[in-house]
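Counting starts at 1 for both ligands and their atoms, following the listed order. Please read these numbers as outputs of a predicted model, since none were measured by experiment. Atom set for the values below is all heavy atoms of this structure, side chains included, hydrogens, waters and symmetry mates excluded.
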Amino acid sequence: MTKTVSVLLPIPAERAYTYAIGPEMTLAPGDIVLVPLGPRQVFGVVWDTQTDDIAASKLKQVIAKSDCPPLRATMRRFIEWVADYTISPPGMVLRMVLRTPAAYDPPSPQEGLRFSGVEPERMTSARIKVLELVREEFVWTKSGLAHAAGVSTSVIEGLIKQGVFDRIEIPPQPIVTKPEPGFAAPELSDKQRAAANELVDCVKSDTNPVSLLDGVTGSGKTEIYFEAMAEVFKNGKQVLVLLPEIALTSGFLERFEKRFGSKPAQWHSDITPKMREKIWRQVATGEVQVVVGARSALYLPFSDLGLIVVDEEHEAAFKQEDRVYYNARDMAVVRGSIAKAPVILSSATPSIESRVNANLGRYQYIRLEERYKQAAMPDLRVIDMRKNPPARGKFISPVLVREISAALERGEQSLIFLNRRGYAPLTLCRVCGHRFQCDDCSAWLVEHRFRGQLVCHHCGHNEPVPEACPGCGTLDHLVACGPGVERLGEEMLELFGDKRIMVLSSDMAGGAKRMRLELDAIAKGEADIIIGTQLVAKGHNFPLMTCVGVVDADLGLSNGDPRATERTFQLLSQVTGRAGRSGRKSIGLIQTYQPEHPVIEAIISGEREQFYEREIAARKSAGLPPFSRLASMVISSADRKKAQSHATAVRLAAKPQSEILVLGPAEAPIARIRGRYRFRLLFRAEKANTLHTYIRQVLARSPRLRGDLRLQVDVDPQSFL
Ligand code: ADP
Ligand code: ZN
């Protein structure tokens, strides 16, 4: 009898594959193994499922077993859970876990040198320097020893030849040192202490609760959850901190280091493959005790997870919309529950979902109502744009301009916020009315004047801004319609030409690194007026910023997304919360054409509780999440007819069922992206389980996908475009 084993592979297959094991090999579930797959060799994980009955002659054999620690049962259950919930093949979830193949090969050993007691035949001054160092019982690397002795490596090589050293293997160095729980514990205020104690109790309890830490910006939420982390470090367990924009949060890393005396490991798209490899391994072995990362860090193989913190838990950036569609905030709660680790969700503007969970007692609710040291919140006001319109062709009201000048006079900073990249969202020809549109997407091209390009924000297509209109050939009659951040930059330059003006958005050349530098520069006071998109609005601490202006508060309020009001509330609160963080008197101004809108009123009046109550009631009466569950399907193809008829066929496969509401198919609001036509279906049920079962049935009954047809399921969709 051939021994066989199930191996889950990082491919879009529904089940694990069966392989033979050679007589010399023993394998257990969780082991990482190298197996043949067609012409390739891939790493997979031994799974706890039944093997298939396959003729021995057809079985392929496991090639090798990695010396990496096996994936723990909790991780394997988590992978299955995510796959099941998101209706994705488990292999595709595993693919997010096994993304660092080099980590599963044994790390190349480093060679160390230790004095063997043999003296060299001939002494030189360089050799004396080396020997002085090595007489102690220490192990040196070649380059480390050369450096310490101030000699070249050839001196060391000469000594090696003469047998002065024994060569020994040095285990790989830890990439980070362990955090010290008591390194620099802050003096907490009474209220902060009470909140911290509740979180510390969660860490100590064995019921692994979820806590919602809801505190205004600047209330010290970070300091407070650091206390819970300290408790975990004391027990030698691991902590995962998820941040929405990790590449930009050098501030967080510095704070961590100040508090715990060492740097955390970082996990995001910007780190080198070599570093990834090390982190992956050392997280698996438990050498790395804390990882700060983007949502993908959720799939690291922690050996002994003691706590997960999700900072800015309301952020849409936690939702991945690629291959496996999942919300890292929600999956963090699942991961915590499977790993028996408490979870802390932190935000100044929690999501409606989390607030409802807190109201229902599913989450422990911890609230901080004031800023640390009673630093005042900014004085918030609306600018009614009907009464205080900007000058012709301009976008900033004289009221805001006045406040910016006042801040400049005080030597303080202003932030002008607009969530629109580029110069203008639409360009048209004044003569023939031609509008510039993307060839491949249903979208206008956005002018980026700094770069001299028209850019599609959906597919990235770009072309130079032409001098003549492609419609009628008239020269120099193109007009920019509406504002983008670049255009506001120009407006500020006309008014305050002698000041340091900075325009920041995600398409700035130089990427995340440059952005980080710019943000640091702002924090140090090296700019007077900052114009930015939401990237600047989040989480950063700018001590000199005392005037914040929101250019178009109405932008997000009317777009048919069930979370539009919630998102606007969160964004405006976060943006205005940038002001006055260091205790200076500050102001937040919101330009709007609808000052009486409940969201605007809630922010201005500071009656956030009323906002939550009203929004929760509205969701409840409309049967929207979290009082129901939604799932969407997007069916797409380069051929519009094909996409539409497949969508119709899927709809026909959706048999009427009393608890399920099915809407569509309808052409998607962005009808075409990257040349693919898109049709949407939306499903709603009261319970997640009902919805899942139903969707699986619909998929099973639907015709097979042929040619370039694609169908993407999105459970708990955030985007409805
Ligand atoms: P939040 O995350 O709620 O916005 P932070 O934790 O960033 O608040 O705190 C805001 C600022 O106040 C930070 O600069 C932080 O270091 C400081 N701070 C908060 N609490 C304390 C404390 N107890 N002792 C010293 N500084 C504190
Ligand atoms: Zn496009």
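For atom 25 (C) of ligand 1, the nearest non-hydrogen atom from the set Phe252, Tyr372, Tyr225 belongs to Tyr372. Relative to atom 9 (O) of ligand 1, the option among Ser346, Gly220, Ala185 with the closest non-hydrogen atom is Gly220.
Of the protein's non-hydrogen atoms, the one nearest atom 3 (O) of ligand 1 is Lys221 NZ, 2.8 Å. Taking atom 20 (N) of ligand 1 as the reference point, the nearest protein heavy-atom neighbour is Gln192 NE2, 2.9 Å. If you check which protein heavy atom lies closest to atom 16 (O) of ligand 1, you get Glu223 OE2, 3.0 Å. In terms of protein heavy-atom proximity, atom 4 (O) of ligand 1 is closest to Gly218 N, 2.7 Å. Among protein heavy atoms, atom 11 (C) of ligand 1 sits closest to Asn541 ND2, 4.5 Å. Closest protein heavy atom to atom 6 (O) of ligand 1: Arg255 NH2, 2.8 Å. With respect to atom 2 (O) of ligand 1, the closest heavy atom belonging to the protein is Thr222 OG1, 3.1 Å.
Using bins of under 30°, 30° to 60° and over 60° for the plane-to-plane angle, the ring pair Phe569/Tyr612 lands in the perpendicular bin. Taking the six-membered ring where the residue is Trp, Phe260 and Phe256 present tilted rings, their angle falling between 30° and 60°.
The residues Arg514 and Glu518 are annotated as salt-bridged, a charged nitrogen and a carboxylate oxygen being separated by less than 4.0 angstrom. Using a 4.0 Å cut-off between a side-chain N of Lys or Arg and a carboxylate O of Asp or Glu, Glu667 and Arg640 qualify as a salt bridge. Using a 4.0 Å cut-off between charged nitrogen and carboxylate oxygen, Arg563 and Glu353 count as a salt-bridge pair. One finds a salt bridge joining Arg355 and Glu609 here, because a Lys/Arg side-chain nitrogen approaches an Asp/Glu carboxylate oxygen to under 4.0 Å. With salt bridges taken as basic N to acidic carboxylate O contacts below 4.0 Å, none links Arg259 and Glu223.
Atoms of ligand 1 lying under 4.0 Å from any heavy atom of Glu187, numbered from 1 in the order shown and given with element: 22 (C), 23 (N), 24 (N). Each of the following atoms of ligand 1 lies closer than 4.0 Å to a heavy atom of Leu188: 23 (N).
Taking any N or O of Gly215, backbone or side chain, none lies under 3.5 Å from an N or O belonging to ligand 1. Polar contact with ligand 1: absent for Ser189 (N/O pair, distance under 3.5 Å). Considering both main-chain and side-chain atoms, Thr217 never comes within under 3.5 Å of ligand 1 through any nitrogen or oxygen pair.
Across every non-hydrogen atom of Ala297 and Leu240, the tightest pair is CB-CD1, 3.7 Å. Between Ile366 and Ser211, the shortest heavy-atom contact is CD1-CB, 4.4 Å.
Put simply, His461 stays out of reach of the Zn ion (ligand 2), with no N, O or S atom under 2.8 Å from it. Residue contacts to the Zn ion (ligand 2): His457 brings no N, O or S atom closer than 2.8 Å.
Remark: at the Zn ion (ligand 2), atom SG from Cys438 and atom SG from Cys441 enclose 110°, rounded to the nearest 10 degrees.
Side chain of Glu315 to main chain of Pro244: no donor-acceptor pair is present (N/O by atom type, distance under 3.5 Å, no hydrogens or angles). Although no hydrogens or angles enter the test, the distance criterion places a donor-acceptor pair under 3.5 Å between the side chain of Asp528 and the main chain of Arg500.
Within the 4.0 Å heavy-atom cutoff, Val216 counts among the residues contacting ligand 1.
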